[in-house]
Protein chains: 4
Amino acid sequence: MHYARGMARTVDQHRYHERRNAILQEAHRQFSASGFDRTTTASICRGAGISSGTFFHYFPTKLDALIGLLASGAEATVRQLALIEQQQKGVDAILAYVKAFENELTDPSYSGFVHAIAGVEQVPEVAGVLLDEARATSEFITRNLAIAQEHGTIRDDVPVDRLAVWVRWLFDGAAQSAAETITVEAGGLADAVRALLGSPARTD
Amino acid sequence: MHYARGMARTVDQHRYHERRNAILQEAHRQFSASGFDRTTTASICRGAGISSGTFFHYFPTKLDALIGLLASGAEATVRQLALIEQQQKGVDAILAYVKAFENELTDPSYSGFVHAIAGVEQVPEVAGVLLDEARATSEFITRNLAIAQEHGTIRDDVPVDRLAVWVRWLFDGAAQSAAETITVEAGGLADAVRALLGSPARTD
Amino acid sequence: MHYARGMARTVDQHRYHERRNAILQEAHRQFSASGFDRTTTASICRGAGISSGTFFHYFPTKLDALIGLLASGAEATVRQLALIEQQQKGVDAILAYVKAFENELTDPSYSGFVHAIAGVEQVPEVAGVLLDEARATSEFITRNLAIAQEHGTIRDDVPVDRLAVWVRWLFDGAAQSAAETITVEAGGLADAVRALLGSPARTD
Amino acid sequence: MHYARGMARTVDQHRYHERRNAILQEAHRQFSASGFDRTTTASICRGAGISSGTFFHYFPTKLDALIGLLASGAEATVRQLALIEQQQKGVDAILAYVKAFENELTDPSYSGFVHAIAGVEQVPEVAGVLLDEARATSEFITRNLAIAQEHGTIRDDVPVDRLAVWVRWLFDGAAQSAAETITVEAGGLADAVRALLGSPARTD
DNA sequence: CATGAATGAGCCTTCATTCAT
DNA sequence: AATGAATGAAGGCTCATTCAT
């Protein structure tokens with residue numbers, strides 16, 4: 001077979017992303033289980049079945065693997081929020097997100113990742129990605145709380161900004177519980193959010 | 001002057017605890033700022049103005065310093081909860097604890113310690129201390145929520161166990177926000193708890 | 001159009017040498033700037049706009065690139081010395097070489113290469129090339145110093161062998177100064193050589 | 001035996017310097033033999049009979065060991081120049097230094113060190129130390145050449161600044177020859193310097 | 001011929017911990 | 001009790017080189 005210069009570009013890119021994702025996945029698993037610092041690159045390599053050289057071929061630094069992970073997570077979140085808002089607004093949008101969030105928490109591979117970041121949070125690049133995601137979520141919540149208040153579907157004795165903070169506390173707290181392998185019962189978070197917002201209880 | 005044996009020992013014990021506490025305080029500061037793994041014993045020694053030898057004289061292991069810290073924190077919490085329950089019951093007790101908790105969050109030296117534990121949580125000794133404290137708090141909350149429900153001062157459409165979980169989520173979430181140097185405005189957590197519990201808004 | 005085999009080969013050879021030289025040139029630049037060990041093949045490839053595979057296609061080893069460089073330098077020196085001796089003899093020949101040498105030193109790309117070799121000098125292949133060049137130069141100098149002494153144009157109180165050593169010291173010292181980015185003023189070396197040899201000062 | 005706080009200070013300092021020097025000596029030997037980059041800290045440790053931890057206890061970095069070496073060399077040079085000038089002036093001072101310098105070159109342990117620096121010369125700290133030493137030497141030479149010219153003991157057709165440069169070329173060139181394990185015959189450099197300066201030949 | 005992903009030995013450095021003084 | 005020099009296992013990362021495409 002004959003290869004023109006750079007011909008196999010498409011195939012290569014495919015392979016490249018496949019392998020990159022495999023490494024990321026293994027890194028995720030180990031970061032979640034042991035935290036960033038206690039996870040060694042050697043161990044990730046072992047788990048991913050690659051050599052150390054390959055790891056650093058894809059990620060110049062162990063930290064860069066974490067950042068890649070966070071970035072893709074943030075991206076997914078943003079995408080998801082957009083998708084939700086395409087279909088629902090107000091309380092419904094928020095509850096839809098709660099549901100999606102609960103699913104994430106249930107995923108055993110994703111729980112525990114909260115702590116992976118500990119100690120590296122202050123690193124500018126990490127902080128940046130985290131902030132981006134936090135901001136996107138905050139705005140989503142605030143935006144839809146405002147709509148809900150206008151529609152009269154939630155309490156109106158507390159300004160949306162404060163309500164948004166409260167909701168995020170619930171989210172973060174629930175995430176942390178999940179991280180501590182305390183099972184979060186399905187629907188629990190949604191109920192809590194409803195109670196907090198003073199919206200009518202579900203009827204399903 | 002002549003010192004009786006007992007006296008000298010008392011002085012020694014005093015010195016011992018003083019120094020031990022100084023080390024713990026420095027360890028706390030650094031663990032909070034950089035996390036357990038990224039804090040080196042050398043750096044703690046430097047900050048505490050002692051030699052490495054002295055450090056390991058007081059704590060056989062770096063982890064032991066963390067455990068000492070957690071244990072004293074747990075002890076303080078238990079003491080505090082007991083004190084509160086001596087004076088108040090039901091919602092009032094819970095809100096009193098919320099207030100104390102908020103004070104802790106405001107203390108810049110204490111915020112951030114939440115993450116210090118990351119990666120070491122699974123270590124049996126650490127997990128044990130954490131569990132003890134968590135259990136004490138949980139029981140305190142559940143106990144007083146039950147009383148509150150009996151008194152009709154909070155919603156009764158949700159069982160106390162679930163309410164307790166929700167309250168703890170708020171606590172943990174707020175603590176995490178504080179750790180991320182997002183200022184938690186005074187009284188905010190109390191309001192959120194009231195909203196969640198369906199208890200009447202404060203009038204003070 | 002149709003190309004006869006021989007023709008194609010000529011073209012190929014042309015391309016081959018062109019590329020080889022491009023690599024050598026980039027290697028030279030980087031070796032000069034950072035030394036042999038601190039220059040990475042990856043960096044040379046980047047500078048030359050080629051892939052690592054290509055580099056190792058032309059040079060089986062990083063060291064081989066250095067050797068290629070040294071060899072072509074030695075070859076050039078030998079050619080130059082021969083050329084000079086075709087036209088001049090005695091002091092004039094030496095001074096002509098001094099002039100050529102000074103030109104080389106002035107070339108910013110060539111200065112600094114002196115140190116590139118450090119650490120690899122002892123490697124047989126490297127040592128061989130260096131020795132060949134050093135010997136050629138030494139013999140050239142000695143030969144022409146002898147002629148000069150016969151002609152009475154330089155001091156005769158010191159045997160040519162020792163004079164040759166002295167002259168080479170001046171050369172090497174000047175080269176080193178140039179390498180340390182200390183500008184060597186034009187003609188300075190020639191004057192020094194004249195002073196050392198006791199030959200009459202220039203009158204141009 | 002009873003030790004007061006910090007009692008053994010004197011002994012400790014003694015031991016400290018002894019060991020530090022031992023490491024420095026071993027580093028010197030290996031740097032000289034293989035160059036800075038090709039010398040591994042592990043190899044120095046092996047040679048000095050210490051652990052890697054100890055090495056980095058004395059020198060935070062491999063580079064710092066080199067800098068320590070250069071600094072002590074520069075210091076020694078400065079001390080020596082001062083000593084010489086206490087006893088001699090003019091040509092005599094310069095020739096005294098030449099003699100001392102030749103001795104250094106003869107020392108097999110010291111030859112070759114010239115190249116150890118290659119590749120690291122540009123590092124600010126290294127460059128600084130080197131520059132300090134070079135400046136001290138330059139000034140010493142210039143100063144004494146000026147005196148010599150006043151006394152009429154050397155040629156006066158060339159300004160001292162240029163003569164100083166020439167002399168340094170000879171020095172550097174000779175040092176390089178020595179580094180290339182080409183034996184520099186005793187007195188050779190002195191003769192060359194005399195010839196260059198036009199001072200009367202020695203009569204001893 | 002050219003490409004660049006993959007390799008893995010090897011390097012510098014860190015850091016918890018020990019122990020002679 | 002206090003000190004800090006010494007230790008050495010372990011980790012992150014580099015880089016020359018190979019080879020399938």
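Lettering of chains follows the sequences in order, A, B, ..., and the numbering in each one begins at 1.
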(request) Both distances under 3.5 Å, Watson-Crick or G-U wobble: report the partner of F:dA9, or none. (result) E:dT14
(message) What is the separation between atom CD1 on A:Ile44 and atom P on F:dG11, rounded to the nearest whole Å?
(response) 12 Å
(request) Could you pick out which residue, D:Ser52 or C:Gly53, lies toward the 5' side of DNA chain F when each is mapped onto its nearest nucleotide? (result) D:Ser52
(request) Examine E:dC11: is either OP1 or OP2 under 4.0 Å from a nitrogen or oxygen in the side chain of D:Arg38? Give yes or no. (result) no
(request) Give a yes/no on whether any side-chain N or O of C:Thr41 is located under 4.0 angstrom from OP1 or OP2 of F:dA16. (result) yes
(request) Figure out the CG/P separation between B:Asp37 and E:dA16, and round it to whole Å. (result) 9 Å
(request) Round to a whole Å and report the spacing from CZ of B:Phe59 to P of E:dT18. (result) 16 Å
(request) State the OG1-CZ distance between B:Thr54 and B:Phe59, to the nearest 0.5 angstrom. (result) 12.0 Å
(message) Going by purine N1 to pyrimidine N3 plus the second Watson-Crick contact, or the G-U wobble pair, all under 3.5 Å, which nucleotide sits opposite F:dA1?
(response) none
(message) For a quick test of reading the model: is some side-chain N or O of C:Thr61 closer than 4.0 Å to OP1 or OP2 of F:dT17?
(response) yes
(request) Would you kindly give the CZ-to-C1' distance between A:Phe56 and F:dT14, to the nearest whole Å? (result) 9 Å
(request) Please determine if A:Arg15 and A:Glu18 form a salt bridge, counting it only when a charged side-chain N lies under 4.0 Å from a carboxylate O. (result) no
(message) Please pick, from F:dT7, E:dT7, E:dC1, the nucleotide with the shortest atom-to-atom distance to any side-chain atom of C:His57.
(response) E:dC1
(message) Can you tell me if D:Tyr58 touches the phosphate of F:dA6, counting only side-chain N or O atoms and a distance under 4.0 Å to OP1 or OP2?
(response) yes
(request) On DNA chain F, check which nucleotide each of A:Lys62 and D:Ile50 is closest to and give me the residue with the more 5' one. (result) D:Ile50
(request) Measure from the side-chain N and O atoms of D:Glu121 to the backbone N and O of D:Val126, and report whether any donor-acceptor pair falls under 3.5 Å. (result) no
(message) Tell me the closest heavy-atom pair linking C:Lys62 and C:Thr41, and the distance in Å.
(response) CD-CG2, 3.7 Å
(request) Round to a whole Å and report the spacing from CZ of A:Arg46 to P of F:dG12. (result) 11 Å
(message) Looking at E:dT3, I'd like to know if its phosphate oxygens (OP1 or OP2) sit under 4.0 Å from a side-chain N or O belonging to C:Ser51.
(response) yes
(message) Using OP1 and OP2 only, check whether a side-chain N or O of C:Arg19 sits under 4.0 Å from E:dA2.
(response) yes
(request) Ignoring backbone atoms, test whether A:Thr54 places a side-chain nitrogen or oxygen under 4.0 Å from the OP1 or OP2 oxygen of E:dA5. (result) no
(request) Work out which heavy atom in B:Asp37 is nearest to a heavy atom in A:Arg38; give both atom names and the distance. (result) OD1-NH1, 2.6 Å
(request) Using atom CZ of C:Phe55 as one end and atom P of E:dA5 as the other, report the distance to the nearest whole Å. (result) 19 Å
(message) Rounded to whole Å, how long is the line connecting atom CZ of B:Phe36 with atom P of E:dC15?
(response) 13 Å
(request) Quick one: label D:Ser43 by what it contacts on the DNA or RNA (base, sugar-phosphate, nothing), any heavy atom closer than 4.0 Å. (result) nothing
(request) Round to a whole Å and report the spacing from CG of B:Asp64 to C1' of E:dT17. (result) 12 Å
